[in-house]
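In what follows, a single structure is set out as structure tokens and then discussed.
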Amino acid sequence: MVLFFRSTVVDPPAVIYMGKDKVENEDLIKYAWPQDVWFHVDKLSSAHVYIRMPEGMTWEAIPQALLVDCAQLVKANSIEGNKKDNLTIIYTPGDNLKKTGDMAVGQVSFHNDRKVKRIYIEKRENAIVNRLNKTKVEREVDHEQERVERIKKETAVRRIAAAAKRKADAELAKAREAEKAARSYDSLFSGGDEDYEDQDTAPRKSVRELEEDFM
């Protein structure tokens with residue numbers, strides 16, 4: 001089972017979720033969305049908490065209030081960490097989680113340690129934990145089906161974006177060709193006018209001069 005929470009410190013509210021037990025944590029590690037962000041108490045056992053990242057938000061720029069919500073939820077769901085003050089909570093994108101066959105259940109490491117950030121929690125804030133717990137919903141999740149549906153949606157979005165780019169590129173190329181043709185047209189007629197003006201303003205010869213030229 002997966003536990004879902006809603007954080008209203010951002011608008012629209014952000015979805016926060018975590019495994020109910022260490023077995024569910026294993027599935028979440030395996031099926032975490034690449035853009036979701038994982039939270040855990042540093043160097044202590046705790047729940048694995050994730051943010052389902054809102055559209056347009058990057059993991060490097062998560063609002064501080066949302067970071068605190070996640071950190072407080074992690075702390076509250078750590079048997080040892082919940083009793084301690086001045087805790088460090090680590091977080092990283094889901095696609096930075098690394099799981100190998102020799103690791104214990106619930107254990108995880110990282111592909112890139114430089115993509116791990118930290119937030120420090122001085123003490124438990126009951127008001128925050130209680131607010132989040134009031135939104136808690138427990139739900140069975142078909143992780144594989146959810147993954148398939150996510151990939152389909154992401155593929156559709158990429159196709160739409162690619163089609164829009166092709167259309168924009170074609171329109172730009174057409175506009176450039178039209179501009180090039182217009183410049184050529186202007187140059188052609190500008191050159192013709194100058195030749196005509198040169199001929200028109202040239203000094204006219206007298207009849208005698210024309211006769212001399214003929215002779």
Side-chain angles (χ1 to χ4, degrees), residues 1-99 103-141 143 146:
M1 300 295 287
V2 180
L3 306 178
F4 292 88
F5 306 81
R6 291 173 68 252
S7 172
T8 55
V9 297
V10 292
D11 186 25
V15 174
I16 302 172
Y17 64 98
M18 69 181 189
K20 188 175 181 180
D21 53 41
K22 63 181 182 180
V23 175
E24 185 63 42
N25 285 338
E26 286 293 295
D27 285 338
L28 294 183
I29 293 169
K30 179 180 179 180
Y31 289 101
W33 292 19
Q35 63 270 34
D36 285 357
V37 179
W38 170 92
F39 291 76
H40 197 275
V41 176
D42 193 23
K43 298 182 175 63
L44 292 178
S45 176
S46 76
H48 292 225
V49 172
Y50 298 78
I51 298 177
R52 176 65 34 90
M53 292 294 285
E55 188 73 25
M57 185 183 294
T58 64
W59 85 278
E60 300 98 329
I62 299 173
Q64 182 66 21
L66 184 53
L67 286 175
V68 171
D69 270 10
C70 293
Q72 285 289 340
L73 195 58
V74 171
K75 173 178 168 55
N77 286 276
S78 170
I79 295 175
E80 188 176 355
N82 190 42
K83 303 172 184 176
K84 294 185 175 182
D85 293 334
N86 301 311
L87 283 184
T88 298
I89 310 298
I90 56 177
Y91 63 100
T92 193
D95 60 3
N96 193 40
L97 297 177
K98 180 181 179 181
K99 181 75 178 183
M103 291 180 175
V105 174
Q107 186 179 2
V108 68
S109 63
F110 312 108
H111 294 289
N112 185 352
D113 289 338
R114 288 176 293 183
K115 289 184 68 176
V116 179
K117 289 181 174 288
R118 290 164 174 78
I119 178 172
Y120 301 97
I121 296 299
E122 183 178 349
K123 61 181 181 179
R124 173 175 169 139
E125 296 286 348
N126 286 325
I128 294 176
V129 176
N130 292 339
R131 167 170 54 80
L132 291 170
N133 279 333
K134 287 179 182 178
T135 71
K136 180 170 67 175
V137 175
E138 185 173 330
R139 191 167 76 238
E140 190 77 42
V141 177
H143 296 289
E146 188 178 65

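Residue numbers start at 1 and run along the sequence shown.
- In terms of heavy-atom proximity, Met1 sits nearest to Glu140 at SD-OE1, 2.8 Å.
- A pairwise comparison of heavy atoms in Met53 and Ile62 identifies CE-CG1, 4.0 Å as the closest pair.
- When side chains are defined from C-beta on, Tyr91 counts as touching Leu67, because their heavy atoms get closer than 4.5 Å.
- Distance check: Asn133 CG to Thr135 OG1 gives 7.5 Å after rounding to the nearest 0.5 Å.
- Looking at Lys136, its side chain never comes within 3.5 Å of a backbone N or O of Phe5 through a donor-acceptor pair.
- Remark: the backbone N or O of Leu97 is paired with a side-chain donor or acceptor of His111 at under 3.5 angstrom.
- Side-chain contact between Val2 and Tyr50 is absent, with no heavy-atom pair separated by less than 4.5 Å.
- Judged as a salt bridge (charged side-chain N to carboxylate O under 4.0 Å, His left out), not a single pair has a partner in residues 54-67 (not counting sequence neighbours).
- Of the residues Ser78, Ser46, Ser45, the one that meets the side chain to side chain contact (heavy atoms under 4.5 Å, CB included) test with His40 is Ser46.
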Problem set entry | Pair Asn96-Trp38, side-chain contact (heavy atoms from CB on, under 4.5 Å): steps then yes or no | CA-CA 9 Å; Asn96 193 40; Trp38 170 92; over 6 Å; no

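- Proximity of Ile51 to Phe39: side-chain heavy atoms (C-beta onward) are separated by under 4.5 Å at one or more points.
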For this session: Determine, step by step, whether Val129 and Gln72 satisfy the side-chain contact (heavy atoms from CB on, under 4.5 Å) criterion, reporting the C-alpha distance in whole Å, the side-chain angles of both residues, the deciding distance to 0.1 Å, and the verdict.
Result: CA-CA 6 Å; Val129 176; Gln72 285 289 340; 4.1 Å; yes

Exercise. Would Leu87 and Asp42 count as a side-chain contact (heavy atoms from CB on, under 4.5 Å) if you check the C-alpha gap in whole Å, the side-chain angles of each, and the deciding distance to 0.1 Å?
Worked result: CA-CA 8 Å; Leu87 283 184; Asp42 193 23; over 6 Å; no

Determine all donor-acceptor pairs shorter than 3.5 Å in which one atom belongs to a side chain in residues 6-21; sequence neighbours excluded.
residue, atom, partner, partner atom, Å
Ser7, OG, Asp69, OD2, 2.6
Tyr17, OH, Asp36, OD2, 2.8
Tyr17, OH, Arg52, NH2, 3.3
Lys20, NZ, Glu138, OE2, 2.9
Asp21, OD1, Val23, N, 3.1
Asp21, OD1, Glu24, N, 2.8

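- The CG atom of Leu73 sits 10.5 Å away from atom CZ of Arg131, with the distance rounded to the nearest 0.5 Å.
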Please list every donor-acceptor pair under 3.5 Å in which a side-chain atom of residues 116-125 meets a protein atom from a residue at least two apart or in another chain.
residue, atom, partner, partner atom, Å
Arg124, NE, Asn126, OD1, 2.6
Arg124, NH1, Asn82, OD1, 2.9

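- At a threshold of 4.0 Å, the pair Lys84-Glu80 counts as salt-bridged, since one of the basic side-chain nitrogens sits closer than that to a carboxylate oxygen.
- To the nearest 0.5 Å, the span separating CZ on Arg114 from OG1 on Thr92 amounts to 12.5 Å.
- For the pair Val105 and Lys22, the tightest heavy-atom approach, listed with the atom from each and the gap, is CG1-O, 3.7 Å.
- Contact check for Met57 versus Leu66: side-chain heavy atoms found under the 4.5 Å cut-off.
- Val49 is not listed as a side-chain neighbour of Asn77, based on a closest heavy-atom distance of 4.5 Å or more.
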Exercise. Hey, mind stepping through Phe110 and Lys115 against side-chain contact (heavy atoms from CB on, under 4.5 Å) and telling me if it holds?
Worked result: CA-CA 8 Å; Phe110 312 108; Lys115 289 184 68 176; over 6 Å; no

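- Heavy-atom minimum distance, Trp59 versus Val37: CB-CG2, 3.5 Å.
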